[in-house]
Each structure stands twice: as C-alpha cells, then as structure tokens.
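Shown next, in structure tokens, is the structure this report addresses.
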Protein chains: 2
Amino acid sequence: MSRVLNNTAPVKKSTRDRITELINKYQFQPNALARSLFKKETGMIGVILPDITNPFFPEVLSGLDQEARNKGYTFFLCDTVSTNTNGDSGEQYVRESEYLNILVEKQVDGIIMLGGRINLAKPSAELVNEVVEVCKRVPVLLINGNLPGEGMNRVYADEKVGAELATQHLIDLGHRDIAFVGGYRHMSNTLQRIQSFVKTMEKNGLKVRKEWMLDGGFSVESGKAFLNILLGLPERPTAVFCANDLVAIGVMKAANKAGLRVPHDLSLVGFDDIPYASNSIPELTTVSLKCYDVGRNAADLLHQMITKNKVSRNTKVRPELIVRESTAPPGGKGLKA
Amino acid sequence: MSRVLNNTAPVKKSTRDRITELINKYQFQPNALARSLFKKETGMIGVILPDITNPFFPEVLSGLDQEARNKGYTFFLCDTVSTNTNGDSGEQYVRESEYLNILVEKQVDGIIMLGGRINLAKPSAELVNEVVEVCKRVPVLLINGNLPGEGMNRVYADEKVGAELATQHLIDLGHRDIAFVGGYRHMSNTLQRIQSFVKTMEKNGLKVRKEWMLDGGFSVESGKAFLNILLGLPERPTAVFCANDLVAIGVMKAANKAGLRVPHDLSLVGFDDIPYASNSIPELTTVSLKCYDVGRNAADLLHQMITKNKVSRNTKVRPELIVRESTAPPGGKGLKA
DNA sequence: TTGTAAGCGTTATCAT
DNA sequence: ATGATAACGCTTACAA
C-alpha cells in the first residue's frame, strides 16, 4: 500500500484500484510520525524568536513561510517570551534553551533563531556552547544575529549600512544636531547601529554629543521617555535617529504631546520598516531591513543546509532607506529652547 | 533506561548512576517521534490562521502560547496566505485544506482555526464537511468564528456586544450621523457587527443611511478609499464606526490628508484593539476583542478537550470599549460640505 | 508484480 | 530490580 501511495514500485492496475478504494473507504491517512521515524526527516523547522507580538517578527516569518511552504516544511513557532515583559530577564534565555532541546527531540530538520542570545554583545560561554552543540545535530541558521566562534550559518541585514544610510540622510537634509536613541548597549545590533552612526557623523565633521546618546529600550514607551529626557536638556537636537520604528513612534507621540510638529520642528528616522512605519501620521522615514527578503533567503539557505548539507555562504542583505514624511530640513523652531 | 529517564519504575541507585553517566557521555536525547508513535500523543497543536502579518493574530497566538506552554504543547504555525494578497482568492481555503491534512498526518493533539472559512457567512458544504471529518479524528477548536451544524467547539468574542458598545458610545457623544465602513459582507463577523450597529442605531431612533454603509476590505488602504467615497457624498457623517482598527487607521490617514482633524472634525471608532490603536496620533478609540484572553481561554479549553475528551461549554468573552482620543462630541465642521 | 519481514526509537508488559 | 520482547505505523529490501 505504501507502494501505491508513494508510487515507489510498479503495481498492477487492478490491485492499485483495489487499494485506492480501500483508502477512500476507510479515510486512510498515513502517520507522518512513523514515516519520519524511518526516514529520519520530518519536514519540520523550528523557529525560535523573542516575541511574536513585535511586528518585526511576523514579517520575517511571512518570508520564511512563503519560501519554505512549497518545499514541504512546516514551522514550529517557539516564542520565548510572550508574556509582554520587556527588559532582559534571563528567563528568555532559559526558554531558548528549553526550545532548543524540545526541537532536537522532535527531530526537526532545521532550526532558525532570531533575537535573544544571538543579539547579545557578550553572550556567556554556556549560552554559546549550547547552540554549538545543537549545531552538531541539526542545521541551525541565525537571522540578524551571530554568536562568537565563526562557525555559524547566518542571514542578516547589514546594520552598519542601514545606520549609515539613515544618518547620512539626516545630514544631507542639513541637520547637524542629531541624537541617537533606543536599543540596548549590551546588544550587538544596537552597538553596530551606534558605531555606524558615530562614524558617519565624524566622517561628515559632525560631533556626537554624549547626552544625546540614549539607550535602554526598543519599545514605544521607551521612545516617549527618551524624547522627554531630550526635552529637559539645555541644548537639543533638531533630528533624532531611533534604534527602531517602535521607539520612533514613541518619540513622535511624546513630541506631539509637547506641541512639537514632526518633521517641521523635529526630524525623525526609524529603523526596521515595520508596517507601523507607513501607517503613522506623519508616515515614518525609516530604514527597511527587508525582513521579508531576509526570511525568504533564510528559508532557502536552510533548505540547502538540510539537503546538500553544505555551508553555502552566509547571506547579507542590503537595507534600504525609505524616505517618507518624518524628515525635513531643520528650520522649524526645532527642539531649541 | 527509559525507566531512569521517566522515573517509571524503581531502579537501584548504582545502575541509575551508571545510566545517567552514559546519557551524559553520549549526549543522549530521546526521540520524541518514537515516543509519540507509541504513546499516541505528540504535544503538538496546529494553529491555522490567515495571515500572521495582521497584528490581530500574533496577539491571540501570544495568549495561546502563554497558556499552553507550561502544559507542554508546541505550536505549528499554519499561515494560509503569507503572500500579502488581500482579497478573497479561494486559494486561502485550499491552503486550509492542505494544512488540515498535514496536521492530522503529523498526529497533532489538537487544531485551532482562526479566520478563513470559519468567518464565511455561507461556507460551501465541502468546506464545512472537511472540518467535520477532521473533528472526528482530532479535537478542533474554532476561535472567533463558526461553521454551520452546531457541533463545533469554540471560543469567541461577542461581536454584537462589541458593535453595540461602539455605536452607543458615538451616540452618547451626540452623534446622529454615523457611517459604518469596512469588512466584507460575505463574512459572518462583519455581518454581526453591521446588524448590531443597525439595531443600536434604530433603538436610539436614529436612521442608518445606505450610502454610509461601505464594505469591501479590512485593510488600511481600503479605509482610505472608504473615507474618500464618504467625502464625495452630498451629505456626510460626523462619525465613522470602522469594522476594524486597520480600516480606522486608513480613514484617519485619508481624513488627515483631506485637512480634517480627528476627533474635532470627525469621530472615529475602531474594532479589535490591536497595538496600532494605542500608537496612532490621535490614539484610537476602539473595542477590545481581548485577543489575548481569547487565546488563553482557547488553549485552556483545547487542553480539556484533549485530555478529558469532554466538550466543556463554549466560551464567549465580552469585549470592552476602550475610549481614547479619536472620539468627541460632534462640533467641528464635521464632514459637512 | 506482490508478499513478508526487518528496522526506525520508544514504552509497557511479562518474566526473571 | 532488571532484562527481554512486543507493539506503535511506516518504508525498504529481499523473496517468491
């Protein structure tokens, strides 16, 4: 019967018909567990991510799914937080560890990791080692992150280019007093954005001011807080580069509340290009990390890793500046007192 | 060895130690496939939904996950569109069918469906029957939807109460000229909202105008289009009740572009209370469908269905009006010409 | 062309 | 307390 279902051997037409009839009669459905047990392949991929509620992730999931679906893969969604706690309780990492285990026990064909420990500037040896061990058993792909030790397969957006694009855009508009707010200094992606921001400023002969460099969150709420801090300063920027779009929204809301108009009084650029960015009023100028493309690439590469078992080069995707309505030349009263 | 791993029988301490040592030495990890094959339970739940990119769904997923995680379940994410096509190609339903099959083959312990066919006002017999068949093999739970034939287990937000809350809020504010825009007339949730809207209007002695009842989309883009249609009418409403938050955002953007101020010139209420709603400027008054609660309830109920195999009553959760900044008494120039 | 049996990695049962 | 074995449902190899 296996033979007629899978066309794996020649069968006489008469028996084939007899079998198919029985299949229909009993509504037979094969047991994928048993098949996988024998075949040692499950068609399942595990995706470990920090928070499905953050609109960034559904976007890359969508790309992943789009590309992997027709290759016959199904996804385990492994959300490591889901309780809407922001901040950095180590709890997130133990969840990652749990899921790592569960996924290999479930014999997934591959694992994709986003966020969490792979964005840490200095992950503990244990955190790293755990992943290294898993890598020996099943293909692991890191999206927009990395782990020390080189061996990792990854697909990522070029943070530095992205931050440069954003910064240069502001400078080209005529801004000289630019703040950078958001993110966490203990995370590598934030660090890269900051470094690239600083470098671009200096390349243009501009000074970065320490008091205008604020970190401590990726959320709307933190964005509000950042702007309020800025407002309390004796000297204020005319533009703000936000570590991500959520923070930019927060800044925009706080600015609005303070009677400032964007972009007339204050220019804003975000990062990520989540759907929010084009839905806000005014629409947010931002850097697209091409999440969807990243997702598709990741699915493709992981598939290669699974089938060909070879480490075809890491993929880097180039971000793109999306100019919308939140940036303009300085000229309003700005944030100046 | 199974015995020491699962504490399923008494073992002498000496041998237990010997075994544990070997386990560590060889980094042994049990094969969940084999276990599931024997035990006839996989700890896997399939979630079929239309589009993970729609912020509504991550919210309920989050609730699901939160509740089901500690019960040991893992989720298959089955996105039936993921190509950002809106509109109603039947393709979505064939994807649902595919996933339904895949999930039973993979021997999931339960299936949760959201959106898609279970929101159809008149689903085809085939669409219905397919689900009925699956129900015979594995517990199926419908979230915010239904299928004709009564037997279905479901958890849902009370659409009618929600729409009544929104409508009455507008009326209490003093609005008499209220439009309803968004959704699809061929979908049952839209129909319920419309019916409840009409009923509430009539209960208050208000007339609903046919030209102010616009449907044909749940997206931001469609929201813009709806407002533009309204603007072209000889007589215009002072308030708009939108079928969901995305549409409300679209209306808000189009209003803004047309020089109208919300809520001064036009009051707006949304539906769903997705994160967008509290991030827009002005923040959106809306009806919270309590997605997160719905998700948690669903996980709980499904777990009962799986273990106790009993059909504990369907759960209905009561929506809540969230008054924010997009509604005010009529008084500006309104949409009046 | 088709029937039979071994094996995939577990767990439960039955002896020892 | 532990070792051996059947069974879960499938696929493949080998015989017939």
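Lettering follows sequence order; numbering is per chain, from 1. Note that this is a predicted model, so its numbers are computed, not measured.
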Exercise. Nearest of C/dT10, D/dG9, D/dC10 to any side-chain atom of A/Arg35?
Worked result: D/dC10

For this session: In whole angstrom, give the distance that lies between atom CZ of A/Arg137 and atom P of C/dG9.
Result: 13 Å

Problem set entry | N/O donor-acceptor pair, side chain B/Arg3 with base C/dT10, under 3.5 angstrom | no

Problem set entry | Given C/dA12, D/dG9, D/dC10, the nucleotide with the shortest approach to the side chain of A/Leu37 | D/dG9

Problem set entry | Heavy-atom pair with the smallest gap, counting every atom of A/Phe75 and A/Val47 | CD2-CG2, 3.3 Å

Problem set entry | Interatomic distance, B/Met1 CE vs C/dA12 P [rounded to whole Å] | 13 Å

Problem set entry | Euclidean distance, atom CD1 of residue B/Ile19 to atom P of D/dG3 [Å, nearest integer] | 8 Å

Seminar exercise, completed: In whole angstroms, the gap separating P of C/dT11 from CG of B/Leu33 amounts to 13 Å

Exercise. Can a donor-acceptor pair be found between the side chains of A/Arg117 and A/Ser97 at a distance below 3.5 Å?
Worked result: yes

For this session: Report yes if at least one side-chain N or O of B/Asn6 is closer than 4.0 Å to OP1 or OP2 of C/dT11; otherwise report no.
Result: yes

For this session: Specify the residues of residues 8-16 of chain B, ordered by number, for which at least one heavy atom lies under 4.0 angstrom from an atom of DNA chain D.
Result: B/Pro10, B/Val11, B/Lys12, B/Thr15

Exercise. Between A/Ile118 and A/Ile143, what is the shortest heavy-atom contact and its length?
Worked result: CD1-O, 3.5 Å

Exercise. Atom CZ of B/Phe38 and atom C1' of D/dC10: how far apart are they, to the nearest Å?
Worked result: 16 Å

Problem set entry | Test log, rule ring pair (Phe, Tyr, Trp, His ring centres under 6.0 Å), inputs B/Phe76 and A/Phe76 | CA-CA 5 Å; B/Phe76 276 122; A/Phe76 276 122; 4.4 Å; yes

Problem set entry | For atom NZ of A/Lys39 and atom C1' of C/dG9, their distance in whole Å | 18 Å

Exercise. Can you tell me how far CE of B/Met1 sits from CD1 of B/Ile23, rounded to the nearest 0.5 angstrom?
Worked result: 5.5 Å

Exercise. What distance do B/Asn54 atom CG and A/Ser62 atom OG have between them, rounded to the nearest 0.5 Å?
Worked result: 11.5 Å

Seminar exercise, completed: Walking DNA chain D from its 5' end, the first of B/Ala34 and A/Ser2 to be reached, judged by nearest nucleotide, is B/Ala34

Exercise. Looking at the side chain of B/Arg18, which of C/dT10, D/dG9, D/dG3 is the nearest nucleotide?
Worked result: D/dG3

For this session: May I ask you to say what B/Gln29 touches in the nucleic acid, namely base, sugar-phosphate or nothing, with a heavy-atom cut-off under 4.0 Å?
Result: sugar-phosphate

Exercise. Just wondering, are more than 12 heavy atoms of other shown residues or ligands nearer than 6.0 Å to NZ in B/Lys316?
Worked result: no

Exercise. Hey, is the side chain of B/Lys40 poking within less than 4.0 Å of OP1 or OP2 on D/dG9, counting only N and O atoms?
Worked result: yes

For this session: Write down the distance between CG (A/Asp17) and P (C/dT1), rounded to a whole number of angstrom.
Result: 14 Å

Seminar exercise, completed: Atom CG of B/Leu5 and atom C1' of D/dT2 are separated, to the nearest Å, by 17 Å

